[in-house]
Asker: 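The structure follows.
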Number of protein chains: 2
Amino acid sequence: MTTSFYNLVDGVMRLYKLLPDGRRQIVGFSLPGDFLGMAPSGRHGFSADAIGPVTVCRFGRTAFARFAEDKPHLLRRINELAVRELDQARDHMVLLGRRSAEEKVATFLIGWRDRLAQLRGPSTNVPLPMSRLDIADYLGLTIETVSRTFTKLEREGVLDILTGGVSLRDPSRAEALAAA
Amino acid sequence: MTTSFYNLVDGVMRLYKLLPDGRRQIVGFSLPGDFLGMAPSGRHGFSADAIGPVTVCRFGRTAFARFAEDKPHLLRRINELAVRELDQARDHMVLLGRRSAEEKVATFLIGWRDRLAQLRGPSTNVPLPMSRLDIADYLGLTIETVSRTFTKLEREGVLDILTGGVSLRDPSRAEALAAA
DNA sequence: CGAATCGTTGAAAGCAGTCAACTAGGGTGG
DNA sequence: CCACCCTAGTTGACTGCTTTCAACGATTCG
């Protein structure tokens, strides 16, 4: 079993799974402070790669085992983490299975903004280091639909499209779309 | 934090999340032997209810805490479980975000068959105790699309529709649709 | 300045959704 | 025992959202 843990120190990463024919589903984006590498045994698991330059802190399986023995509450901590991840994964299932393109994009933007807020403090400015294709593969849409939806939200006065991100002109409206 | 664990002894349960407007996404079905109740802290979590009669074995949070203290490897076990669940959740994201209705239904049937096979031994007969609506809410489809897809697969000779389930007439073709 | 990549926009097609009618079981009460 | 009803499931016609295919614009980098 490959139980290496990586702690993302700086940068952004995308986690994804591929179908045999190449279709990709991004299952999450990682920000500094996030853990990676909870790969289960067997031939399962997921892939991860960097969006721009990243710094990671790697814990080998032996180093991890040593930690786990020394501090039992670390395992407890990891457990909580896994449970939180699982909850997020299930929330994303709801998004993928039951929400419209507009709701998907709005939900993504609000969620991303809130994660950034925890790191850098709140801001209506939302940097988007990932490409439109990444966003599309995260939301279960095509690149064109993502682009059109951004444009639509801009026309409606919800946001402004900037290079490398968006600015939330009407955050509450975006939040309403995300909650609905 | 509500860390009660339920062990499903007999019957079938559905786990789901709801959107404020009532849309439902079933995030998984539970079979005998499965654990439930890994609810994270805060106002998150999911709902679960029975499909038909069930028998569950409940571990209260104190009982669980006692176990966890006594046997550290139990926590380790729970951890592996959570990681497996997470992997399954991510596989389901791929299904919800990137697969067609026909692929969704075929993947569901093969997955369900394999889970039943682990409990009762292999069989081409696949009982489906859940309703079409449950299947639809699991696959991110409507009840009508599920029904039509079943009918289409029957016309194509992949399966036979029986009351309370299906029979896989051409399992390899169904597997091919599920893998594609 | 040109090439390449990324993003946007338009037109058309298609898959799944919606609305609606119909059918089939299953249980209940007369 | 049968008629009725209620729910679950199927099927049809049509709509519509998202995709597909294609062209165009913008930005970056050699």
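Throughout, a chain's letter reflects where its sequence line sits, starting with A, and its residues are numbered from 1. In this text, all values refer to a predicted model and were calculated from it rather than measured experimentally.
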Asker: Enumerate the residue pairs fulfilling ring-ring contact (aromatic ring centres under 6.0 Å, His included) with a member in residues 155-180 of chain B, sequence neighbours excluded, ordered by first and then second residue.
Answerer: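 Listed once each, the pairs would be none.
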Asker: May I have all residue pairs that pass salt bridge (charged side-chain N to carboxylate O under 4.0 Å, His left out) and include part of residues 7-16 of chain B, sequence neighbours excluded?
Answerer: B:Arg14-B:Asp49, B:Arg14-B:Asp134
Asker: Any ion pair linking B:Arg23 and A:Glu103 (charged N to carboxylate O, less than 4.0 Å)?
Answerer: yes
Asker: I'd like to compare against my own output: the B/S/- annotation of nucleotides 24-30 of chain D with a strict under-4.0 Å heavy-atom distance to protein.
Answerer: -------
Asker: Taking only residues two or more places apart in sequence, or in another chain, which ones meet A:Arg58 in a side chain to side chain donor-acceptor pair (under 3.5 Å)?
Answerer: A:Tyr6
Asker: Angle, rounded to 10°, between the helical axes spanning five pairs at each terminus of the helix from C:dC1-D:dG30 to C:dG30-D:dC1?
Answerer: 30°
Asker: Restricting to side chain to side chain donor-acceptor pair (under 3.5 Å), what partner residues turn up for A:Arg113, sequence neighbours left out?
Answerer: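 A:Glu175.
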Asker: At a cut-off of 3.5 Å, list every protein nitrogen or oxygen paired with a nitrogen or oxygen from nucleotides 5-11 of chain D, distance to 0.1 Å.
Answerer:
unit_1: D:dG9; atom_1: OP2; unit_2: B:Arg132; atom_2: N; d: 3.2
unit_1: D:dT10; atom_1: OP1; unit_2: B:Arg132; atom_2: NH2; d: 3.0
unit_1: D:dT10; atom_1: OP2; unit_2: B:Arg132; atom_2: NE; d: 2.8
unit_1: D:dT10; atom_1: OP2; unit_2: B:Ser147; atom_2: OG; d: 2.8
unit_1: D:dT10; atom_1: O5'; unit_2: B:Ser147; atom_2: OG; d: 3.0
unit_1: D:dT11; atom_1: OP2; unit_2: B:Thr151; atom_2: OG1; d: 2.5

Asker: Output all residues satisfying ring pair (Phe, Tyr, Trp, His ring centres under 6.0 Å) with A:Phe29, sequence neighbours left out; order by chain, then residue number.
Answerer: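 A:Phe29: ring pair (Phe, Tyr, Trp, His ring centres under 6.0 Å) contacts with A:Trp112, A:Tyr138.
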Asker: For B:Arg77, check side chain to side chain donor-acceptor pair (under 3.5 Å) against everything at least two apart and list the hits.
Answerer: none
Asker: Residues sharing A:Val94's hydrophobic cluster, by side-chain heavy-atom contacts under 4.5 Å among ILVMFWY, directly or via others?
Answerer: B:Leu19
Asker: Can you pull out every salt bridge (charged side-chain N to carboxylate O under 4.0 Å, His left out) where at least one residue sits in residues 115-126 of chain B? Sequence neighbours excluded, please.
Answerer: B:Asp34-B:Arg115
Asker: Under a criterion of less than 4.0 angstrom to any heavy atom of chain A, what are the 5'-terminal and 3'-terminal contacting nucleotides of DNA chain C?
Answerer: C:dG7 to C:dA11
